[in-house]
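First comes the structure, then the notes that go with it.
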Amino acid sequence: MSIATAVDGYLRHVSVERGLAANTVAAYRRDLGVYTAWLGADSAEGAPRPITDLRDVTRAHISAFVQYLGLRPESPLTAASIARGLSTVRGFHRFLQGEGLVETDVAHDTKPPKLALRLPKAISIDQVSALLAATDGDDVQRLRDKALLELLYATGARVSEVVNLNVDDVLVEEFDSVRLTGKGDKQRIVPVGSFARAAVSDYLVRARPMLSARGRSTPALFLGLRGQRVSRQNAWLIIRAAAERAGLTVPVSPHTLRHSFATHLLAGGADVRVVQELLGHSSVATTQIYTLVTVDTLRDMYTLAHPRAR
């Protein structure tokens with residue numbers, strides 16, 4: 001079997017059998033494209049190449065590939081990007097062994113570089129309030145922007161989850177929750193607070209029918225000015241414009257509202273496992289990084305406020 005055929009088989013496996021999202025499969029395709037191109041290139045250092053048969057790949061090749069990612073002259077990758085690329089390669093070789101295409105999983109023991117701990121960047125409750133207030137208005141664009149931002153902050157959803165919502169995903173009979181589809185097409189029901197409920201209801205009644213009339217019929221909840229579904233890029237621009245109107249000097253992106261949602265919940269006393277469910281994290285370990293942000297905030301407040309803290 002050729003290397004290209006094996007890659008196609010693996011991508012079908014993760015797409016169909018594991019049900020990974022299209023964006024994730026596309027990222028795997030890019031990573032494996034870099035890997036297989038490297039295997040097919042002449043060797044300058046490290047394990048001998050080119051490789052035309054995956055049975056000839058050794059542990060030395062995997063280690064040399066990881067070093068290449070960090071040192072390649074055209075664009076060396078960060079530790080996080082190297083770790084992601086290695087994760088894809090390890091999954092590929094695990095698949096090859098499971099399918100009986102190779103005898104051993106040569107990538108199993110290769111470790112990724114250590115990642116620096118990067119705490120998620122949240123903004124304060126006052127800054128969120130200013131951001132949301134910057135979308136006030138009665139025209140169709142402001143009504144849509146208000147509903148979009150209120151829903152992002154109310155649910156902690158990823159921007160892709162919100163822009164992919166259809167009208168039927170908003171449980172409108174007793175509108176107190178929304179159905180989100182996350183990574184791997186996993187669905188979860190997330191409650192929606194009164195401010196977001198009011199904003200979305202206003203948008204559905206007063207703005208969406210007008211936007212829908214400008215384009216082809218679509219079930220999308222959030223529509224652009226031409227009646228099409230709002231894209232992730234559109235959402236980013238909407239938030240950036242609101243942040244500028246609010247006079248915020250810190251960077252604000254759609255993910256900032258997700259980080260702020262989690263941080264504010266934990267600071268208010270929410271259980272970390274509840275926040276995990278709301279965010280759609282598969283592991284509580286992913287959610288626990290937000291507890292570090294909360295502890296950092298408490299430590300700063302203690303240092304500033306306690307007379308014997310300094």
Between [Y] and [X], is there a side-chain heavy-atom distance shorter than 4.5 Å?
X: R59; Y: T110; answer: no
X: V178; Y: V162; answer: no
X: R188; Y: E161; answer: yes
X: V159; Y: W236; answer: no
X: I3; Y: T52; answer: no
X: L223; Y: R144; answer: no
X: R208; Y: V167; answer: yes
X: T256; Y: P251; answer: no

Practice item. Verify the ring-centre separation between Y35 and H93: is it less than 6.0 angstrom? Key: yes
Check your understanding: Given the side-chain rings of Y10 and F95, with only the six-membered ring counted for Trp, is the space between their centroids under 6.0 Å?
Key -> yes
For the [atom1] atom of [X] and the [atom2] atom of [Y], what is their distance to the nearest 0.5 Å?
X: L180; Y: S160; atom1: CG; atom2: OG; result: 9.5 Å
X: L266; Y: D271; atom1: CG; atom2: CG; result: 8.5 Å
X: L132; Y: Y153; atom1: CG; atom2: OH; result: 8.0 Å
X: S177; Y: R197; atom1: OG; atom2: CZ; result: 9.5 Å
X: E99; Y: H13; atom1: CD; atom2: NE2; result: 7.5 Å
X: S15; Y: R29; atom1: OG; atom2: CZ; result: 9.0 Å

Check your understanding: Checking R258 side chain against G156 main chain: does a donor-acceptor pair fall under 3.5 Å?
Key -> yes
Practice item. Look at the side chain of R94 and the backbone N and O of H108, then say whether any donor-acceptor pair between them is shorter than 3.5 Å. Key: no
[X] and [Y]: side-chain donor and acceptor closer than 3.5 Å?
X: D8; Y: T5; value: no
X: S260; Y: T263; value: no
X: N164; Y: R232; value: no

Quick test of your reading of the model: are [X] and [Y] salt-bridged, counting only N-O distances below 4.0 Å?
X: R55; Y: D53; result: yes
X: D136; Y: K146; result: yes
X: D168; Y: R179; result: no

Heavy-atom closest contact ([X] atom, [Y] atom, distance):
X: Y203; Y: A147; value: CB-CB, 3.7 Å
X: G193; Y: A154; value: N-CB, 4.3 Å
X: A134; Y: A242; value: CB-O, 3.4 Å
X: R229; Y: L165; value: NH1-O, 3.1 Å
X: L278; Y: P191; value: CD2-CD, 3.7 Å
X: T218; Y: G227; value: CG2-O, 3.7 Å

Any chance [atom1] of [X] has more than 12 other-residue heavy atoms, nucleotides or ligands included, within less than 6.0 Å?
X: R214; atom1: CZ; answer: yes
X: R90; atom1: CZ; answer: yes
X: R245; atom1: CZ; answer: yes
X: Q187; atom1: CD; answer: yes

Exercise for review: Using the side chain to side chain contact (heavy atoms under 4.5 Å, CB included) rule, take V128 and H264 through it: C-alpha gap first, then chi angles, then the decisive distance, then the call.
Suggested key: CA-CA 11 Å; V128 170; H264 298 165; 3.9 Å; yes
Practice item. Determine, step by step, whether D31 and R84 satisfy the salt bridge (charged side-chain N to carboxylate O under 4.0 Å, His left out) criterion, reporting the C-alpha distance in whole Å, the side-chain angles of both residues, the deciding distance to 0.1 Å, and the verdict. Key: CA-CA 8 Å; D31 290 339; R84 189 206 66 214; 2.8 Å; yes
Point to revise | Residue that, paired with F222, satisfies side chain to side chain contact (heavy atoms under 4.5 Å, CB included) out of L211, N234, N166, L151 | key: L151
Do [X] and [Y] land in one hydrophobic cluster if side-chain heavy atoms of ILVMFWY residues count as linked below 4.5 Å?
X: L265; Y: V274; answer: yes
X: F195; Y: I239; answer: no
X: L149; Y: L225; answer: yes
X: V272; Y: L279; answer: yes
X: V192; Y: L143; answer: no

Point to revise | Worked verdict on T78 versus S81 for side chain to side chain donor-acceptor pair (under 3.5 Å) | key: CA-CA 5 Å; T78 63; S81 296; 3.3 Å; yes
Exercise for review: Walk me through it: do T58 and H61 pass the test side chain to side chain donor-acceptor pair (under 3.5 Å)?
Suggested key: CA-CA 5 Å; T58 66; H61 286 104; 3.0 Å; yes
Practice item. Would you please test T135 and D145 for side chain to side chain donor-acceptor pair (under 3.5 Å) and show each step? Key: CA-CA 6 Å; T135 59; D145 295 353; over 6 Å; no
Check your understanding: L39 and F65: side chain to side chain contact (heavy atoms under 4.5 Å, CB included), yes or no, with the steps?
Key -> CA-CA 8 Å; L39 286 177; F65 176 65; over 6 Å; no
Check your understanding: Checking side chain to side chain contact (heavy atoms under 4.5 Å, CB included) for the pair R158/K183: CA distance, chi angles, key distance, verdict?
Key -> CA-CA 10 Å; R158 302 172 180 92; K183 293 183 177 180; 3.8 Å; yes
Exercise for review: Would you please test D126 and S129 for side chain to side chain donor-acceptor pair (under 3.5 Å) and show each step?
Suggested key: CA-CA 5 Å; D126 287 343; S129 297; 5.2 Å; no
Practice item. Go through V102 and V57 one step at a time and tell me if the side chain to side chain contact (heavy atoms under 4.5 Å, CB included) criterion holds. Key: CA-CA 9 Å; V102 297; V57 178; over 6 Å; no
